[in-house]
Amino acid sequence: QVDVTAMARLFGYVDVTDSGFIAAVFSIAFNPLFWNVVARWEHKTRALSRVFASPRAACYCLGAVILMLNCVRSHCFTEAMKSQPKLEGLDCHWGYYSGLAILAVGTLFVISSFLALGFTGTFLGDYFGILMEAKVTRFPFNILDNPMYWGSTAVYLGWSLMHASPAGLLLTAVVAISYTIAMLYEGPFTEEIYRQKQKGAKNK
């Protein structure tokens, strides 16, 4: 049998009908849906590349929009935490510093992923036809797959622990779920793009 006491206690601290909490859930779910839909549309039509007269310029524009949406998501996340009660057991020094350590590790993964991939590699450049020469295998990709996504999830987890926020912990679970779904769609599609590249190279 599963002990649901801890989960029930957590939900007891969270008002899921609060408008701020709903806005945070919406922004978390919307972001990966948005960039996957837009990127696949671009891959199919090359519409953005034509509008901006350059696939690189179009990719940079989409990346800027994604960054702005992520800022909105983080703001909604923080406001949702502030509007709901703290968990007494986490509202202490060990909870704060544990959260700070997790946030630091997550930030390391996010920044190192960006440096390894570059701007276009991070922001779906392969959907714009901007392909990398080889798969990135250096840190942090030699530690785990999708370190950008898991690093971002760790940042939200750490932020939630620092604020001793049950709402934040629940929203972090939503972040993890939304990223997991995104990875299920992005992984096979990206692999197919590179298979087509290799097939085209062999046919030349």
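The model shown is predicted, which means the values in this text are computed figures rather than measured ones.
Inter-residue side-chain proximity for Thr137 and Asn142 is flagged as unmet; no heavy-atom pair is nearer than 4.5 Å. At a threshold of 4.5 Å between non-hydrogen side-chain atoms, the residues Trp159 and Met162 count as touching. For the pair Leu124 and Glu42, the minimum side-chain heavy-atom distance is 4.5 Å or more. Contact check for Asp18 versus Ser83: side-chain heavy atoms found under the 4.5 Å cut-off. Between Phe21 and Cys76 the shortest side-chain heavy-atom distance does not fall below 4.5 Å. Side-chain atoms of Ile181 and Ser178, non-hydrogen and from C-beta on, never get closer than 4.5 Å to each other. Between Leu90 and Lys86, every side-chain heavy-atom pair lies at or beyond the 4.5 Å cut-off. Within the 4.5 Å cutoff, the side chain of Asn70 has heavy atoms near those of the Trp35 side chain.
Checking side-chain atoms of Asn31 against main-chain N and O of Leu69 turns up a donor-acceptor pair under 3.5 Å. Checking side-chain atoms of Gln84 against main-chain N and O of Pro166 turns up no donor-acceptor pair under 3.5 Å. Although no hydrogens or angles enter the test, the distance criterion places a donor-acceptor pair under 3.5 Å between the side chain of Ser27 and the main chain of Ala24. A donor-acceptor pair is defined here as one N or O able to donate and one able to accept, closer than 3.5 Å; no such pair exists between the side chain of Arg73 and the backbone of Phe30.
For Tyr97, the OH atom counts as loosely surrounded, since its 6.0 Å shell holds 12 or fewer non-hydrogen atoms of other residues, nucleotides or ligands. Within a 6.0 Å radius of CZ in Arg40, other residues, nucleotides and ligands contribute more than 12 heavy atoms. The number of heavy atoms from other shown groups lying within 6.0 Å of CZ (Phe114) is above 12.
Side-chain contact check for Tyr156 and Ser74: at least one donor-acceptor pair (N or O, by modelled atom type) lies under 3.5 Å. For the residue pair Thr153/Tyr179, the side-chain donor-acceptor check at 3.5 Å is not satisfied. No side-chain donor from either of Ser160 and Ser165 sits under 3.5 Å from a side-chain acceptor of the other.
Interatomic distance, Phe141 CZ to Met148 CE, rounded to the nearest 0.5 Å: 7.0 Å. Here the straight-line distance linking atom CG of Leu48 with atom SG of Cys61 works out to 7.5 Å at 0.5 Å rounding. Atom SG of Cys59 is separated from atom CZ of Phe128 by 5.0 Å, given to the nearest 0.5 angstrom. Atom CZ in Phe109 sits 6.0 Å away from atom CD1 in Ile143 (nearest 0.5 Å). To the nearest 0.5 Å, the span separating CG on Leu103 from CG on Leu157 amounts to 9.5 Å. Atoms CD1 and OG1, on Ile102 and Thr107 in that order, are 11.5 Å from each other to the nearest 0.5 Å.
The heavy-atom pair separating Val110 from Gly151 by the smallest distance is CG2-C, 3.6 Å. Of all heavy-atom pairs between Leu184 and Pro188, the closest is O-CD, 3.1 Å. In terms of heavy-atom proximity, Trp94 sits nearest to Ser98 at O-OG, 2.7 Å. Of all the heavy atoms in Ile22 and Thr17, the pair that sits closest is CD1-O, 3.6 Å. Between Gly99 and Leu161, the shortest heavy-atom distance links the atoms CA-CB, 3.7 Å. Heavy atoms only, all atoms of each residue included: Arg195 and Glu192 are closest at NH2-OE1, 2.9 Å.
Criterion: ILVMFWY side-chain heavy atoms under 4.5 Å apart, direct or through other members. Under it, Tyr185 and Val37 are not part of a common hydrophobic cluster. Hydrophobic clustering (side-chain heavy atoms under 4.5 Å, transitive across Ile, Leu, Val, Met, Phe, Trp, Tyr) groups Val175 together with Leu144. Linking Ile, Leu, Val, Met, Phe, Trp and Tyr whenever their side-chain heavy atoms come within less than 4.5 Å puts Met81 and Leu100 in one cluster. There is a path of hydrophobic side-chain contacts, each under 4.5 Å, that joins Phe34 to Met68. Val65 and Leu33 are not part of a single hydrophobic cluster, where members link through side-chain heavy atoms under 4.5 Å apart.
If you run side-chain contact (heavy atoms from CB on, under 4.5 Å) between Tyr127 and each of Val38, Asn36, Leu62, only Asn36 comes through.
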Can Val16 and Leu170 be said to form a side-chain contact (heavy atoms from CB on, under 4.5 Å), step by step?
-> CA-CA 10 Å; Val16 296; Leu170 190 56; 4.2 Å; yes
Do Glu186 and Tyr149 pass the side-chain contact (heavy atoms from CB on, under 4.5 Å) test, and can you show the C-alpha distance, the side-chain angles, and the key distance before you say yes or no?
-> CA-CA 12 Å; Glu186 290 175 18; Tyr149 284 162; 2.7 Å; yes
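In this structure, Phe123 and Phe119 have tilted ring planes: the angle between them lies in the 30° to 60° band.
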